[in-house]
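Everything below concerns the one structure shown next.
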Amino acid sequence: MSVLSVDGTHLYGKYKGTLLVATSVDANFQDGLCVISDRHAGIIVAMSDANVGFHEPRAFHRFCVRHMASNLRTHVKNNKMRDRFKAAAYQRQGKKIDEDMRSIGQSCLQSLQYIMDVSFPRWSLFHGAGRRYGICTTNFLETFNNVFKGARFLPIMSLVELTFHRVNKYFNIRRDSSFSRRADGYAYSPKVTSILEKNNGKAEYHTVDVYSRQRGIYQVKTHRGERIGSKGGHKHTVNFNLRTCTCKKPMIFHLPCSHVLAMCLKYSISKEPWVDSFLRSEAYANTYVPQFWHIPCETTWRTYRGPKIIPDESMVRGHGRPKSKRI
Ligand SMILES: [Zn+2]
């Protein structure tokens, strides 16, 4: 998937610094060119530098909603404004964002000005043209936490070595599982399968009317059914030929919503064209085809003239200050 998340994590060892982490998202949303980052001036300059080549339509820059919400809170010292901004950022309906923005402006003009200084596509799911695949924050870097566990206390050489070995292990585990999933004939990654199952469950409570088979226009009405907390009674229009639904989910998440699935079920139409190729088993397995190669010992230490440092248990677990053994 072409989503790249960039975030920094502070180092705690003798040399203070920031470990810059860039992660992409795989077909199981674990990993993935849309760049999601905080509003660090260096990243903005790099993304807008024509010589770097990270410009639209080749690359799209989006901001992490969590970072932006947190900065808004610091700027206006108001938790409510932070939460209202987050709600607006996650809205999938244009009129709901308009309502949220109006409400923010009425309560705190300073917050509205702060948000309006950033263009809508940078932070709004609805205005983001689906480039985020529904990913609003850099939080998925947290799935990578085990890779960095305890590593931030280590001297640089040890940090690089430990991280290299852990990333290799991370890739091996996912290579095995994604390859066997593809071999077993599953069409999608586990996460995509579970989203589709959930949407199929909702689709059972929808009714569908066809308006034009030739133009691919269908109207879907939702019903409450036996589901707790579901209101129902909404109407959405699916355009099969343009691959759109008025709920906007197919455009944002690149997967069929329950309305599309209801139409597919009733008229025995395949849902396949609605599932993005990046979200299939084939893409999931292909993410992990490249492998890491071991670093020969002599090469590792040939240029290093200091004492050899071996990380002990306390360093790996990340408790307290690092202790190193000299040999
Ligand atoms: Zn829909």
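Read the numbers this way: they start at 1 and go in the same order the structure lists the ligands and their atoms.
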So, is H236 placed with an N/O/S atom under 2.8 Å from the Zn ion (ligand 1), counting both backbone and side chain?
no

Shortest-distance N/O/S atom, H259 versus the Zn ion (ligand 1):
ND1

So among F63, F85, Y114, which one has a ring-ring contact (aromatic ring centres under 6.0 Å, His included) with W123?
F85

Do H254 and Y133 have their ring centres less than 6.0 Å from each other?
yes

How wide is the angle at the Zn ion (ligand 1) between SG of C257 and SG of C247, to the nearest 10°?
110°

Please determine whether the number of non-hydrogen atoms from other residues, nucleotides or ligands lying under 6.0 Å from atom NZ of K248 exceeds 12.
no

Using a cut-off of 6.0 Å, state whether more than 12 heavy atoms not belonging to H40 lie near its atom NE2.
no

